[in-house]
Undergrad: 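Below you'll find the structure I mean.
Nothing fancy with the numbering, it's 1 onward along the sequence. Numbering of ligands and ligand atoms starts at 1, following listing order. When reading the values below, keep in mind they use all heavy atoms of this one structure, side chains included, and skip hydrogens, waters and symmetry mates.
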Amino acid sequence: MLGLMQEHPLGVAAIVRHAERMHGRKTITTRTRRGLVTASFSETIARARRLASVLRSLGVGPGDRVATFSWNHQQHLEAYVAVPCMGAVLHTLNIRLFEADLAYIVEHAQDKVVIVDRSLWPQWERVAARVSCIRATIVVDDEPESPCLPGTLDYEELLSAHPETASFPDVPESHAAAMCYTSGTTGHPKGVVYSHRSTHLHTCMLGTVDALGICERDTVLAIVPMFHANAWGLPYGCLMWGADLVLPGRFMAPEALTELVVQRKVTFASGVPTIWLGMLEPLRKAKEQVRLSRIACAGSAVPPTLQRSYERELGVPIVHAWGMTETSPLVTFSKPLASHGDVSPEALERVLEKQGRAAPGVEIRIVGDDGREAPWDGKAVGEIQVRGNWIAASYYRDESSSQKFQDGWLRTGDVATIDPDGYVHLADRTKDLVKSGGEWISSVVLEGLIMGHPSVAEAAVIAVPHPRWSERPLACVVVRKGAALSKDDVIEFLRDKVAKWWLPDDVVFIEEVPKTSVGKFDKKVLRERFKDHRSS
Ligand code: ADP
């Protein structure tokens with residue numbers, strides 16, 4: 001027997017229609033060179049309709065890829081609305097990648113039109129010289145008087161010359177809405193293609209209380225870049241749930257971000273741990289004016305001391321989340337359970353340090369080296385595998401990585417335990433684990449502990465080759481300005497916190513931990529730098 005209910009396509013157009021009807025007066029504020037610029041959702045969506053006309057006039061049709069090379073700002077959001085709603089595919093390019101990778105990605109995706117920030121023109125020009133698929137280049141400029149670059153079209157001029165398209169019709173829900181390339185573990189970057197349906201369902205999930213709980217009463221600062229993993233879904237999340245959205249543009253210094261938090265009375269913000277490490281001090285200074293009710297942190301493990309500083313000193317809980325480009329990206333969230341009502345604050349902190357529990361809509365399991373599912377006892381370790389409606393089923397035009405997708409599950413390459421309550425605790429990425437004498441050591445745990453030392457600014461732990469144990473941990477430590485620290489200080493600090501064989505063989509002091517394009521510790525660079533390191 002069939003159900004007798006209506007069926008409407010789940011998609012971006014449905015989110016946008018709802019935003020326009022229910023939240024039209026809510027706002028998007030962008031920091032630009034000229035100061036803060038605010039527009040309502042209605043105005044922004046009306047401009048997105050014009051953008052759709054512009055793109056159509058440039059020959060963009062259903063399924064065509066429109067790339068963006070932009071910071072977080074209102075025009076980027078307009079592309080987030082216009083491109084999927086006209087049936088084309090929004091392709092956000094990571095502005096921090098090397099030009100050769102970017103050129104590969106643009107050609108692989110066959111992008112037809114690109115929308116580029118004027119401030120990023122020097123980088124883009126080098127990519128453009130290597131690709132042949134782009135038919136039109138639209139430049140977004142926050143300096144209205146500056147002359148148009150030769151061979152390009154000016155975003156604002158185009159918008160004023162084109163009418164609004166009448167409406168955004170529904171696109172079939174299985175069709176592509178957006179795409180984003182991930183670094184992948186081997187070979188070329190891999191294209192993840194989000195469908196209208198996956199985007200809609202992920203956006204619904206973001207508003208649920210045990211996920212990010214984004215709601216109409218929130219003002220959201222999206223620090224995570226719109227060019228990487230859809231800014232964790234926040235652009236669509238704010239439109240659907242009616243939260244005011246604040247976008248930092250290219251002004252990403254911790255002080256500038258803190259100023260936005262204060263000025264716009266931000267209640268929720270999201271960023272990778274390096275962002276929150278940098279903002280701790282400015283937020284401490286502004287404590288009395290901070291209205292944050294919680295923040296989300298994902299992308300790499302949150303150092304437990306950082307989480308405690310936010311909770312205890314600022315009264316702002318960090319929601320630790322986990323996910324990846326292939327998973328739209330969010331999957332797990334660390335929120336307390338009813339049964340935690342009786343536990344001590346310290347015990348609760350230890351629970352919430354974990355990456356959290358899977359949101360409804362996603363199934364999760366850990367699989368051991370023997371290929372069998374490992375028990376949820378908080379001890380057994382296995383690779384995280386996930387399946388669900390916003391999880392990638394394959395990569396775009398890439399046969400080589402079929403082993404990533406097995407029996408309908410995505411193999412994430414992350415290694416974790418899951419406790420009986422379902423909290424995932426990530427041990428490491430498979431490639432970052434230190435394999436010592438047949439056993440493994442979690443570089444993430446060691447880093448988290450070392451960063452708890454008051455004289456340490458940052459720490460990354462990598463595996464270095466060892467003749468007897470095959471690999472041993474090496475701690476690369478950045479000392480806080482004005483502090484002094486020796487190898488013995490670090491080892492002594494760890495001694496009562498980990499098993500003896502987990503203690504790093506050596507500690508090297510470095511100026512800064514190299515970061516990836518999205519601000520994560522770049523251990524590849526450290527591994528290369530210290531590949532011949534011998535412990536002293
Ligand atoms: P990449 O870092 O390769 O550019 P992603 O942004 O998709 O691509 O990164 C996803 C990876 O980031 C995950 O597979 C995991 O290793 C790591 N990660 C994400 N969230 C967390 C977290 N909360 N704790 C530890 N690692 C995390």
Undergrad: Compare N94, D414, V224 and give the one whose heavy atom is closest to atom 13 (C) of ligand 1.
TA: D414
Undergrad: Count the heavy atoms of every other residue, nucleotide or ligand shown that sit under 6.0 Å from OH of Y396, and state whether that count exceeds 12.
TA: yes
Undergrad: Could you check whether atom NZ of K524 has more than 12 heavy atoms from other residues, nucleotides or ligands sitting under 6.0 Å from it?
TA: no
Undergrad: Check for a donor-acceptor pair, side chain of E447 on one end and backbone N or O of A460 on the other, with a separation under 3.5 Å.
TA: no
Undergrad: Looking at non-hydrogen atoms alone, which of K354, E326, K520 comes nearest to atom 5 (P) of ligand 1?
TA: K520
Undergrad: Which ligand 1 atoms does H320 reach within 4.0 Å, using its non-hydrogen atoms?
TA: 22 (C), 23 (N), 24 (N)
Undergrad: Applying side-chain hydrogen bond (donor to acceptor under 3.5 Å, both in side chains), which residue pairs with at least one partner in residues 268-279 are found, sequence neighbours left out?
TA: none
Undergrad: I'd like to know if D218 pairs up with R294 as an ion pair, taking the criterion as any Lys NZ or Arg NE/NH1/NH2 lying under 4.0 Å from an Asp or Glu carboxylate oxygen.
TA: yes
Undergrad: Between E353 and R350, does at least one N-O distance fall below 4.0 Å, as a salt bridge requires?
TA: no
Undergrad: Listed by chain and number, what are the salt bridge (Lys or Arg N to Asp or Glu O under 4.0 Å) partners of E373, not counting sequence neighbours?
TA: none
Undergrad: Looking at non-hydrogen atoms alone, which of G323, S334, A427, G519 comes nearest to atom 19 (C) of ligand 1?
TA: G323
Undergrad: Which atoms of ligand 1 have any heavy atom of T325 under 4.0 Å away?
TA: 5 (P), 6 (O), 7 (O)
Undergrad: Which atoms of ligand 1 sit under 4.0 Å from any heavy atom of Q355?
TA: 22 (C), 23 (N), 24 (N), 25 (C)
Undergrad: Does the N or O separation between G299 and ligand 1 drop below 3.5 Å for any pair?
TA: yes
Undergrad: Looking at ligand 1, would A321 count as a contact under a 4.0 Å heavy-atom criterion?
TA: yes
Undergrad: Any side-chain heavy atom of Q385 sitting closer than 4.5 Å to one from D407?
TA: no
Undergrad: Consider ligand 1: state whether an atom of it lies below 4.0 angstrom from any non-hydrogen atom of A229.
TA: no
Undergrad: Which ligand 1 atoms are under 4.0 Å away from a heavy-atom of A301?
TA: 22 (C), 24 (N), 25 (C), 26 (N)
Undergrad: Going by distance only, is there an N or O of C297 that falls short of 3.5 Å from an N or O of ligand 1?
TA: no
Undergrad: Using only atom types and a distance under 3.5 Å, with no angle test, would you say the side chain of D117 pairs donor to acceptor with the backbone of W71?
TA: yes
Undergrad: With respect to W322, determine whether any N or O atom, backbone or side chain, lies less than 3.5 Å from an N or O atom of ligand 1.
TA: no
Undergrad: Is it the case that ligand 1 has an N or O less than 3.5 angstrom from some N or O of H228?
TA: yes
Undergrad: Would you mind running through ligand 1 and noting each atom that sits below 4.0 Å from a heavy atom of L426?
TA: 25 (C), 26 (N)
